[in-house]
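For reference, the structure discussed in these notes is given below.
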Amino acid sequence: MSTALVLMNVLVPLKVMPGWPTEPFSPLHLILLCVVGPILVLALFSIIAWTPGLLRQRRAGEVAAGLSDDDDVEPSSPQIQS
């Protein structure tokens, strides 16, 4: 449905409310908002989602190569000692 709306906005000029100044319609802005913007947001979310897995793989590789010990790992959250 969103593809149909994008095509409709490209083919049918946007209406301006009476009394308001008309703005020139730029298809480039529409493409940036509807195509490039979502792709960049998806790329950002993908990077955020994959980063912990990549860091785990890197850490496992360092431990396997003997460059680091498992004892060097700091806890991710502080432990409450009673």
Side-chain angles (χ1 to χ4, degrees):
M1 181 171 167
S2 62
T3 306
L5 290 175
V6 171
L7 291 175
M8 182 181 71
N9 284 336
V10 171
L11 299 175
V12 179
L14 299 174
K15 299 193 191 266
V16 179
M17 294 181 70
W20 286 38
T22 58
E23 280 291 320
F25 176 70
S26 172
L28 178 63
H29 289 125
L30 183 66
I31 291 172
L32 286 173
L33 284 173
C34 296
V35 177
V36 177
I39 289 173
L40 290 176
V41 169
L42 179 66
L44 176 68
F45 287 161
S46 298
I47 290 170
I48 290 171
W50 282 331
T51 299
L54 294 174
L55 291 176
R56 271 188 235 109
Q57 286 178 349
R58 178 179 165 198
R59 176 77 180 147
E62 289 175 354
V63 170
L67 298 174
S68 179
D69 295 331
D70 285 333
D71 299 337
D72 294 339
V73 178
E74 294 180 14
S76 59
S77 61
Q79 300 284 334
I80 299 175
Q81 297 178 356
S82 52

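For clarity, every value in this text was computed on a predicted model and none was experimentally measured. FYI, side chains are in, hydrogens and waters are out, and symmetry mates aren't considered; it's all heavy atoms of this structure.
To the nearest 0.5 angstrom, R58 atom CZ is 12.0 Å from T51 atom OG1.
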Side-chain atoms of residues 24-45: list all donor-acceptor pairs with protein atoms under 3.5 Å, sequence neighbours left out, distances to 0.1 Å.
from, atom 1, to, atom 2, distance (Å)
S26, OG, L28, N, 3.4
S26, OG, H29, ND1, 3.3

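Screening residues 43-54 for salt bridge (Lys or Arg N to Asp or Glu O under 4.0 Å) gives no qualifying pairs among residues at least two apart or on separate chains.
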